[in-house]
Amino acid sequence: MLTLYKVKVNKLLITGFLVFCSLRSFSTCIAIYVAENGHIYVAADSRRTFFFNDGKDDNKSESICKIHNVGSNYFAISGFDDGGLLKAATIALQKNSNIDTAIKSFGTAMSKRYKHLMVDAKLFYPDKFRHFLKDGLADVSFFGFYNGTANVVDVEFFCSLDKEGRVVTTYKIHPIMALTVIGLSRDITNAKPEDLPTAATMEQRPELYVEALVKIEAKMQPLAVSEPIDLLELKPDGAVWIRKNEDEAATY
């Protein structure tokens, strides 16, 4: 049985753990586009907002690069526990040469990690836990060239409750044909045609196209998405950083 004293002590411990492992909100917008030239273009905002900050500073944030790679395998992170996502993806890619196997290994590892975190969140932070139930946990996109062909795969993590009220964490894998936006995308979806980048920009300057999509969210959600925007062009023979924030996310 959990006594009141034990609950208070455990809450102090879990508060420190949640802050330390850097659980974050979906304060991210990342656009990934496979252009007609066959190259992959990625734009990612650089704002990292602290979700579990124990009420000390609700607007605390920092600037990081959200695009990462292990060799020729690239991935972009949006969601809670970004440090855990980065570490799990890195380990999965290092241990598995097959990208499909690596992605499944990553999904399994993070589902287990999220299960422990969400059990604690449900107990000690019920209001924030309801946010996880509604909006999900994370989106991670893996992208690169395999057998000379551009390949983009999204992995989504979800949290739910079973009939007995127990926490269940799952993930889904979605192959992407041409365009994906992970993180915040509501304002892009609801934008007027004149506010969206033109078809000419999409065809002729795909790097400006993905950047313009992220700028829509940055304009409408300045406290969640902000510049500088990192820009990457990935070709079959390597990557070209058009712009990069040199600050990397921490791993735990």
Using a 3.5 Å cut-off and no angle test, enumerate the donor-acceptor pairs between side-chain atoms of residues 153-162 and protein atoms at least two apart in sequence or in another chain.
| from | atom 1 | to | atom 2 | distance (Å) |
| --- | --- | --- | --- | --- |
| Asp154 | OD1 | Ser141 | OG | 2.3 |
| Asp154 | OD2 | Thr180 | OG1 | 2.5 |
| Glu156 | OE1 | His174 | NE2 | 2.8 |
| Asp162 | OD1 | Glu164 | N | 2.9 |
| Asp162 | OD1 | Gly165 | N | 3.0 |
| Asp162 | OD1 | Arg166 | N | 2.7 |
| Asp162 | OD2 | Arg166 | NE | 2.9 |
| Asp162 | OD2 | Arg166 | NH2 | 3.2 |

Could you pull out all donor-acceptor pairs under 3.5 Å where a side-chain atom in residues 227-235 meets a protein atom, sequence neighbours excluded?
| from | atom 1 | to | atom 2 | distance (Å) |
| --- | --- | --- | --- | --- |
| Asp230 | OD1 | Asn245 | N | 2.5 |
| Glu233 | OE2 | His39 | ND1 | 2.8 |
| Glu233 | OE2 | Tyr41 | OH | 2.9 |

Kindly say whether Leu223 contributes a backbone atom to a donor-acceptor pair with the side chain of Arg47 at under 3.5 angstrom? yes

Subject >> Transitive ILVMFWY side-chain link Ile173 to Ile77, under 4.5 Å >> reply: yes

Are Lys66 and Asp45 close enough, and set up right, to give a salt bridge (Lys or Arg N to Asp or Glu O under 4.0 Å), and what steps lead you there?
CA-CA 8 Å; Lys66 301 172 183 177; Asp45 86 296; 3.0 Å; yes

Could you see if Ile182 belongs to whatever hydrophobic cluster contains Leu213? Use Ile, Leu, Val, Met, Phe, Trp, Tyr and a side-chain cutoff under 4.5 Å. no

Asp139 and Gly183 have their tightest heavy-atom pair at OD2-N, 3.9 Å

To the nearest 0.5 Å, atom NE2 of His68 lies from atom CG of Asp82 at 7.5 Å

* **Sub-4.5 Å side-chain heavy-atom contact between Ile103 and Val140** => no

With sequence neighbours left out, the residues meeting side-chain contact (heavy atoms from CB on, under 4.5 Å) with Ala218 are Val225

Residues pairing under side chain to side chain donor-acceptor pair (under 3.5 Å) where one sits in residues 99-112, two or more places apart or in two chains, turn out to be Asn98-Thr101

Is the shortest heavy-atom distance from the side chain of Met118 to the side chain of Phe129 under 4.5 Å? yes

When every non-hydrogen atom of Arg113 is compared with those of Gly84, the smallest separation belongs to NE-CA, 3.8 Å

Check your understanding: Would Tyr33 and Met202 count as a side-chain contact (heavy atoms from CB on, under 4.5 Å) if you check the C-alpha gap in whole Å, the side-chain angles of each, and the deciding distance to 0.1 Å?
Key -> CA-CA 9 Å; Tyr33 171 53; Met202 186 179 191; 3.5 Å; yes

- request: For the residue pair Leu137 and Tyr171, establish whether any side-chain heavy-atom pair is separated by less than 4.5 Å.
  value: no

### Query
Are the side chains of Leu85 and Phe75 in touch, meaning some heavy atoms are under 4.5 Å apart?
no

**Same apolar cluster (I L V M F W Y, side chains within < 4.5 Å links), Phe132/Met110** = yes

Item to complete: Report yes if the side chains of Tyr146 and Asn73 come closer than 4.5 Å at any heavy-atom pair, otherwise no.
Response: yes

Notebook entry, point to check: Does the side chain of Phe143 come within less than 4.5 Å of Asn69's, by heavy atoms?
Noted result: no

For Leu184 and Cys29 the tightest heavy-atom approach is O-SG, 3.3 Å

Determine whether Leu196 and Val214 fall in the same hydrophobic cluster, where Ile, Leu, Val, Met, Phe, Trp and Tyr are linked whenever their side-chain heavy atoms lie under 4.5 Å apart. no

The side-chain contact (heavy atoms from CB on, under 4.5 Å) partners of Val34 (sequence neighbours excluded) come to Ile40, Ala150, Val152

Taken to the nearest 0.5 Å, the spacing of Thr170 OG1 from Lys172 NZ works out to 7.0 Å

| query | Does Val70 share a hydrophobic cluster with Ile99, counting links as ILVMFWY side-chain heavy atoms below 4.5 Å and allowing steps through other members? | reply | yes

Residues at least two apart in sequence or cross-chain that pass side-chain contact (heavy atoms from CB on, under 4.5 Å) with Met220, listed by chain then number, are Asp187

- Between Asn190 and Arg186, is there a donor-acceptor pair closer than 3.5 Å when you use the side chain of the first and the backbone of the second? yes

Worksheet item: Side-chain contact, heavy-atom cut-off 4.5 Å: Ile32 with Ile30?
Response: yes

Check: For Ile188, does its backbone N or O pair with a side-chain atom of Ser185 as donor and acceptor, under 3.5 Å?
Finding: no

Could you tell me if the side chain of Tyr209 sits less than 4.5 Å from the side chain of Leu179, heavy atoms only?
yes

Rounding to 0.5 Å, atoms CD (Glu211) and OG1 (Thr201) come to a distance of 11.0 Å

Practice problem: Could you go through the side-chain contact (heavy atoms from CB on, under 4.5 Å) check for Glu217 and Val181 one step at a time? | Solution: CA-CA 11 Å; Glu217 291 297 337; Val181 179; 5.9 Å; no

